[in-house]
Amino acid sequence: MTTTTAPPADVAERRPPRTRTLARGLPMVPAVVLLLVFMAGPVVYSVYLAFTNEALRGEGAAVTSLVGLDNFATALADPAFWNSVLLTLVFTLISAVIGQNLLGMALALLMRQSTKVVRAVTGAVVIAAWILPEVVAGYLWVTFLAEEGSLNTLLTAIGLPAQDWLVSVPIWAVAFANIWRGTAFTMLIYTAALAGISPEIRESAEMDGAGPVRRFTTITLPLLRQSIATNLMLITLQTLSVFGLIWIMTAGGPADASQTLPLYMYEQAFSYGQLGYGTAIALMLLLIGALASLAYLRLLPKEDKQ
Amino acid sequence: MTATDTAPHPVATSGTPSPARRGGGRSRRALGVRTASDLSLLVVTVFFCIPLLWVVLASFDAQASLSVAWPAEPGLANYAAIWNAETLFRPLLNSVVLCGGATLVTVATAALAAYPLSRYRSRAKRPFLLTIIFATGLPITAIMIPVYALFVQVNLVDSMGGAILFLAASSLPYSIFLMKNFMDDVPIQIEESAWTEGAGMLRTLWSIVLPLMRPATAVVTIFTFVSMWGNFFVPFMLLLSPDKLPAAVTLYTFSSQYGQVAYGQLAAFSIFYSLPVIVLYLLLGRRLGAGFAASGGLKA
């Protein structure tokens, strides 16, 4: 999809400019109202909420008062918060930046070389994993990794010891489930991007005697730079905020061994009723997302930045 | 399911050297590359299949356990057990109302908003589009607490209408962005003649532009619906009464309500709940790639 800008459409010039501009903006009103009320509203409100002691019960529920930076100070002094930050980073790194990104790229590249039937079957299965509802994916991985689950059945069949993966390595368990669930997205982005590279470039490199590895590093990768940066940004933001999958599989446990920031936020806000504190955590989650996005934007070629 | 041969592969086909043009050694090498690729893809496919296999086999097995196993007495007992309004039909109907309603709102408002963005020049356009793209990346999880707190204050918690409007708003940025990109590809000449004949903006949009971009609208509609259908967190937070909960949430309560989980029934329910999105993707077929090319070339 090319983002060509439509030619200017100044055909009907009967009304004076200002009214015309307003009239032209009219169809946008419903969307803008929805966005202001349900998206911008909560975002602005969350900035206020994060500085209050708003709670579902107890002191903050009766009288809500501004508490300054208290929520942030509490979080920074709480080992459970740092545990969540670390787990979130590990989860995002393993499952998105490494897992989905590399596997998705590998699949997109392999599919260009493979027979049509294999390509269709692989695509169907990988995409099926992606379109299944989050809760279903969670349960599928619970059954796959449980003590009496499929993985252990396979392992004991070849003589390896079984273990309860959701208890022994919970963060790896949810990370692998997220790779399984999310790889299709990356695969589709890279497939579309690879199809956009003109065959002539590749053929002329081949003529010049460049091998497949060299062709990939010197031609394909630089041409894909924008797609890679965009994809990394999108999957990082998606993965940072994964809630349902982890909630179904481990609910953050055992203890808090897989409690990423969204689950910590949920626990603080709803199990303990600390809405103000939970919102402060959410803001810090947004901050991590923003920092990651800025880092990826630096990967973009210069002419695209502006 | 054809998503992968969506993106037409001019490169792949022309990259395979034709034996007539090139030496036999090259084509043998190409065959080797092809076999190696096929084998690697099949290995990945088998691994991806195991969890999927469980849900299918367990749903026909009244004594289903957690492991993949061929049912001792294959039958429809699990399906029969959940085949009632309470367990199956009402949650699915709720999902249809929630996601269908929200999709309608999203697609209608996104199409309206995309039209001026695609057709007119304005100084406000670029900042608006940048805001939209920024909002696309906003993790909805992170604003659920303030949304909940606001909903409590205006008494919208546990209201289907409130949940529909919030779901619709949360997928608007991406839908507007997709719609605008697709609309840019519709040539403007036909509209110009409609304008000179005095057709208004809405009329032009409804009777000229939208019919021309029916496939693109289908892509946006299906994308929106499928992502809402799988959404767990939003209804989990905003809806409370059991008779309003969609399948995403009842599937979760399904296992936590009783001590002993009936895995076969859980699998059967999962299949019913997943069926609509699978059917929709089959309908989308090779058009799936279009949406992805759009996000790959993310530009303002």
Side-chain angles (χ1 to χ4, degrees), chain A residues 1 3-4 6 8-9 11-12 24 27-28 30-31 34-35 38-39 42 45-46 49 110-115 118-119 122-125 127 129 131-136 140 143-144 146 148-150 153 188-189 191-193 195 199 227 230 237 241 243-244 262 269 275 278-279 282 285-286, chain B residues 1 3-4 7 10-12 14 33-34 37-38 40-41 45 48-51 54-55 65-68 109 112-113 115-116 118-121 137 139 141-143 145-147 149-150 166 169 172 181 184 188 192 195 230 232-233 248 251-252 270 274 277 281 289 292-294 296-299:
Chain A
M1 166 127 265
T3 44
T4 43
V11 185
R24 284 177 170 182
M28 300 179 60
L34 269 182
L35 287 172
F38 289 98
M39 298 288 280
Y45 188 55
S46 74
L49 213 54
L110 285 171
M111 280 181 171
R112 290 155 58 83
Q113 322 272 352
S114 60
T115 34
V118 176
R119 197 192 305 150
T122 312
V125 170
I127 289 173
I131 60 170
L132 283 184
E134 197 174 14
V135 183
V136 174
L140 291 188
T143 65
F144 183 59
E148 282 97 41
S150 307
T153 309
L188 288 168
I189 294 237
T191 305
S227 298
T230 313
L237 289 171
S241 54
F243 176 84
L275 290 183
T279 310
L285 181 65
L286 284 181
Chain B
M1 181 78 63
T4 35
V11 191
S14 67
V33 168
R34 176 163 289 218
S37 309
D38 283 356
S40 340
L41 285 181
T45 306
F48 265 75
C49 268
I50 301 172
W54 176 84
V55 73
S65 71
L66 285 167
S67 180
V68 169
T109 51
L112 282 171
Y115 189 71
S118 167
R119 283 345 192 196
Y120 302 127
R121 274 192 191 175
T141 311
I143 61 166
I145 300 174
V147 167
L150 283 174
F166 176 72
L172 252 183
N181 270 355
D184 284 348
I188 201 166
E192 284 173 346
W195 282 336
F232 166 73
F233 202 36
L251 177 55
Y252 166 66
S270 298
S274 308
V277 290
Y281 264 84
F292 278 84
L298 195 68
K299 277 183 217 162

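Side chains are part of it too, since the values below use all heavy atoms of this structure and drop only hydrogens, waters and symmetry mates. Numbered from 1 within each chain, the chains take letters A, B, ... in sequence-line order.
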When rounded to the nearest 0.5 angstrom, what distance separates [atom1] in [X] from [atom2] in [Y]?
{"X": "B:Ile50", "Y": "A:Thr153", "atom1": "CD1", "atom2": "OG1", "value": "10.0 Å"}
{"X": "A:Met111", "Y": "B:Ser37", "atom1": "CE", "atom2": "OG", "value": "11.0 Å"}
{"X": "B:Leu251", "Y": "A:Glu134", "atom1": "CG", "atom2": "CD", "value": "11.5 Å"}

Closest non-hydrogen atom pair between [X] and [Y], with its separation:
{"X": "B:Ile145", "Y": "A:Ala269", "result": "CD1-CB, 3.4 Å"}
{"X": "B:Ala142", "Y": "A:Leu285", "result": "CB-CD2, 4.2 Å"}
{"X": "A:Phe38", "Y": "B:Ile143", "result": "O-CD1, 4.4 Å"}
{"X": "A:Leu140", "Y": "B:Val55", "result": "CD2-CB, 3.5 Å"}
{"X": "A:Ser46", "Y": "B:Pro146", "result": "CB-CG, 3.4 Å"}

Among [options], who wins on heavy-atom pairs under 4.5 Å with chain B?
{"options": "A:Leu49, A:Thr115, A:Leu35", "result": "A:Thr115"}
{"options": "A:Ala129, A:Ala193, A:Gly278, A:Gly149", "result": "A:Gly149"}
{"options": "A:Leu132, A:Leu237, A:Val135", "result": "A:Val135"}

Contacting moiety of B:Tyr115, where chain A heavy atoms sit under 4.5 Å: neither
Evaluate the side-chain contact (heavy atoms from CB on, under 4.5 Å) criterion for residues A:Phe144 and B:Trp54: first the C-alpha distance (whole Å), next the side-chain angles of each, then the deciding distance (0.1 Å), finally the verdict. CA-CA 8 Å; A:Phe144 183 59; B:Trp54 176 84; over 6 Å; no
Any donor-acceptor N/O pair, A:Ser114 side chain to B:Asp38 backbone, under 3.5 Å: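 No.
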One option among B:Val33, B:Thr141, B:Val277 has the most heavy-atom pairs under 4.5 Å with chain A, and it is B:Thr141
Are any non-hydrogen side-chain atoms of B:Pro51 and A:Ser150 less than 4.5 angstrom apart?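 Heavy-atom side-chain distance check fails, nothing below 4.5 Å.
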Could you tell me if the side chain of B:Leu150 sits less than 4.5 Å from the side chain of A:Pro42, heavy atoms only?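 A side-chain contact under 4.5 Å exists here.
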When the 4.5 angstrom heavy-atom criterion is applied to A:Leu275 and chain B, the contacting part is both
